[in-house]
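Values in this document were obtained by computation on a predicted structure and should not be read as measured data. Keep in mind that the numbers below use all heavy atoms, side chains included, and drop hydrogens, waters and symmetry copies. The first residue of the sequence shown is numbered 1, and numbering continues consecutively from there. Indexing begins at 1, ligand by ligand and atom by atom, following the structure's order.
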Amino acid sequence: MTRIVLFENIHPSAREVFEAAGYTDITTYGEALSGDDLHKAIDGAQVLGIRSRTQLTADVLDKVPNLKAIGCFCIGTNQVDLDHALSMGVPVFNAPFSNTRSVAEMVLAEAILLLRRIPEKNFRVHQGFWDKTAEGAYEARGKTLGIVGYGNIGSQVGTLAEAAGMHVIFHDIEAKLPLGNAKATASLKKFLAQADVVTLHVPGGEATNNLINADAIAAMKPGSILINASRGTVVDIDALHKALESGHISGAAIDVFPVEPKSVNEPLDSPLRGMHNVILTPHIGGSTQESQENIGREVADKLVSYIRTGASKGSVNFPELRYRDINGIARMLYIHKNMPGAMGSLSSLMAKHGINIVSQRLQTKGSIGYAMTDVDSAIPDEVMQELQNSEVTIRCELIQP
Ligand code: NAI
């Protein structure tokens with residue numbers, strides 16, 4: 001029996017995946033636990049599922065020596081001590097793509113609303129003013145959408161925008177295959193000068209810090225629109241505020257902020273608050289019912305695949321081996337110290353017990369090696385015990401379908 005413990009109200013789609021695969025020992029918690037409550041809840045767990053609020057520190061992980069895998073049912077994984085999990089031979093999985101479509105749809109909707117100056121008009125009608133005018137309102141059709149960062153989300157935004165009749169250009173630091181009629185532009189400044197709407201889909205971090213600063217904003221077309229649903233640090237908010245006040249930028253939609261409130265009770269501190277053609281949202285670009293359901297499925301699928309076959313593809317901390325059917329009678333997963341002789345001692349052990357290896361794959365990451373060995377006879381417990389007792393072994397598992 002594999003004991004699975006899930007925290008933080010993970011979508012029921014995860015349970016469906018586990019149950020369909022025959023794993024029924026599932027305990028769910030609606031909230032994130034900590035301290036003794038968390039220690040009690042994870043006792044004996046082999047699979048842990050969390051979202052962003054449960055902290056799986058080294059101390060916590062040490063309380064679950066039989067842990068096989070961790071699923072982060074979200075995008076980020078910094079709530080887990082990934083190195084410590086790796087040193088225990090525990091892969092960590094997440095869901096990097098499940099909310100791509102949700103972000104892309106929101107961005108296209110915002111581009112259309114801002115081109116029509118709807119946020120401003122909505123505000124005026126709420127105040128009782130009937131400003132029935134076409135001034136400053138444009139169709140999306142025929143306008144140019146500029147995408148900075150043509151990765152998973154950026155390329156989806158481009159596909160949706162073309163369906164709405166927009167021209168799509170993009171700027172990326174890597175060579176990317178353009179979808180549809182999208183065109184790459186190498187120089188950021190030239191790119192910014194062409195786009196009616198600029199949308200940002202780059203990663204956060206040093207390299208993109210204030211990528212859209214006062215100079216970049218000055219290079220944008222007069223009257224253009226800026227959308228940021230990537231990371232708050234990518235835009236210099238004060239420079240954007242000035243450009244909105246001067247009218248150089250006619251509207252903006254901002255979903256992410258350099259400093260974001262930690263809870264519903266903490267106010268957002270931003271000079272953009274109260275500006276009429278600015279849409280402000282609380283980092284919800286990827287937050288939809290569909291994305292939660294997709295995340296539940298995607299992470300549970302990865303966990304099931306790992307437990308059943310050892311496939312670690314998509315793990316954020318672990319040597320990656322792709323899914324492959326078991327070739328023979330049994331499969332041994334051998335997680336070991338990445339040092340000379342580790343594989344040799346495995347082969348010698350098999351030979352000593354007359355077990356024939358029919359296929360073998362090895363991948364290493366830092367100090368850890370991960371070998372998947374298929375054999376054409378059953379592997380007795382004593383072999384597993386002998387391997388587990390070896391100094392180079394971190395963990396070994398037997399899969400006998
Ligand atoms: P991705 O990794 O698939 O794509 C990022 C792209 O940006 C890559 O093609 C990369 O080559 C490019 N890039 C990196 N540095 C660049 C630079 N300096 N200039 C131009 N291009 C550059 O990432 P994905 O999944 O598309 O996510 C994009 C962003 O969206 C990330 O910052 C992510 O954290 C954020 N995000 C926001 C959500 C929200 O709720 N608002 C939800 C999901 C993701």
Take Lys63 and Asp43 through the salt bridge (charged side-chain N to carboxylate O under 4.0 Å, His left out) test and state the conclusion after the steps. CA-CA 7 Å; Lys63 301 274 186 312; Asp43 188 37; over 6 Å; no

Close-contact set for ligand 1 against Arg231 heavy atoms, below 4.0 Å: 32 (O), 34 (O)

Protein contact of atom 35 (C) of ligand 1 - nearest heavy atom, named by residue and atom, plus distance: Ser230 O, 3.5 Å

Heavy atoms only, cut-off 4.0 Å: how does Asp255 contact ligand 1, side chain, backbone, both, or neither? side chain

Nearest protein heavy atom to atom 44 (C) of ligand 1, by residue and atom, and its distance? Ile153 CD1, 3.5 Å

If you take all heavy atoms of Cys396 and Gln388, which pair is closest and at what distance? N-OE1, 3.2 Å

Over all atoms of both residues, closest heavy-atom pair of Ser291 and Ser102: CB-OG, 3.6 Å

Specify the protein heavy atom at minimum distance from atom 4 (O) of ligand 1: its residue, its atom name, and the distance to 0.1 Å. Gly151 CA, 3.3 Å

Closest non-hydrogen contact found for Pro178 with Phe170 is CB-CE2, 3.8 Å

Protein heavy atoms near atom 23 (O) of ligand 1, is at least one of them under 4.0 angstrom away? no

Please step through side chain to side chain donor-acceptor pair (under 3.5 Å) for the pair Thr281 and His283, ending with a clear verdict. CA-CA 6 Å; Thr281 45; His283 202 148; over 6 Å; no

Which ligand 1 atoms are under 4.0 Å away from a heavy-atom of His171? 20 (C), 21 (N)

Starting from atom 14 (C) of ligand 1, what is the nearest protein heavy atom, named by residue and atom, and what distance separates them? Pro203 CD, 3.3 Å

Taking the six-membered ring for Trp and the single ring otherwise, decide whether the centroids of Tyr370 and Phe318 are under 6.0 Å apart. yes

Counting non-hydrogen protein atoms only, what is the nearest one to atom 8 (C) of ligand 1? Give residue, atom name and distance. Asp172 OD2, 3.5 Å

heavy-atom search around atom 37 (C) of ligand 1 in the protein gives Ala229 O, 3.2 Å

Once the angle between the rings of Phe191 and His171 is folded into 0 to 90°, is it parallel (under 30°), tilted (30 to 60°) or perpendicular (over 60°)? tilted

Contact check: Gly286 vs ligand 1, nitrogen or oxygen atoms, below 3.5 angstrom: yes

Is there a heavy atom of Lys176 sitting under 4.0 angstrom from any atom of ligand 1? yes

Starting from atom 15 (N) of ligand 1, locate the nearest protein heavy atom and write down its residue, its atom name and how far away it is, to 0.1 Å. Ile173 CD1, 3.4 Å

Chi angles and distances behind the side chain to side chain donor-acceptor pair (under 3.5 Å) call for Glu298, Ser98: CA-CA 7 Å; Glu298 182 180 337; Ser98 292; 2.3 Å; yes

Before signing off on this row, confirm whether Val103 and ligand 1 have an N or O atom pair separated by under 3.5 Å. no

Would you mind checking which non-hydrogen protein atom is closest to atom 32 (O) of ligand 1, with the distance to 0.1 Å? Val202 O, 2.7 Å

Would you mind running through ligand 1 and noting each atom that sits below 4.0 Å from a heavy atom of His283? 39 (C), 40 (O), 41 (N)

Just do the salt bridge (charged side-chain N to carboxylate O under 4.0 Å, His left out) check on Arg53 and Glu31 with the steps written out, would you? CA-CA 9 Å; Arg53 292 201 310 277; Glu31 67 282 3; over 6 Å; no

Between Tyr23 and Phe18 (judged by ring centroids, cut-off 6.0 Å), do the two rings come close enough to count as a pair? no

If hydrogens are left out, which of Leu200, Asn152, Asn228, Thr208 has an atom nearest to atom 1 (P) of ligand 1, that is, the closest non-hydrogen atom? Asn152

Quick one: is the NZ or CZ of Arg124 closer than 6.0 Å to the six-membered ring centre of Phe129, and within 45° of its axis? yes

Tell me the contacting part of Asn99 for ligand 1: side chain, backbone, both, or neither, using a 4.0 Å heavy-atom threshold, strictly below. side chain

Applying a 4.0 Å heavy-atom criterion (strictly less than), which segment of Phe97 is in contact with ligand 1: side chain, backbone, both, or neither? neither

Evaluate the salt bridge (charged side-chain N to carboxylate O under 4.0 Å, His left out) criterion for residues Glu120 and Arg117: first the C-alpha distance (whole Å), next the side-chain angles of each, then the deciding distance (0.1 Å), finally the verdict. CA-CA 6 Å; Glu120 196 177 320; Arg117 305 192 76 88; 2.9 Å; yes

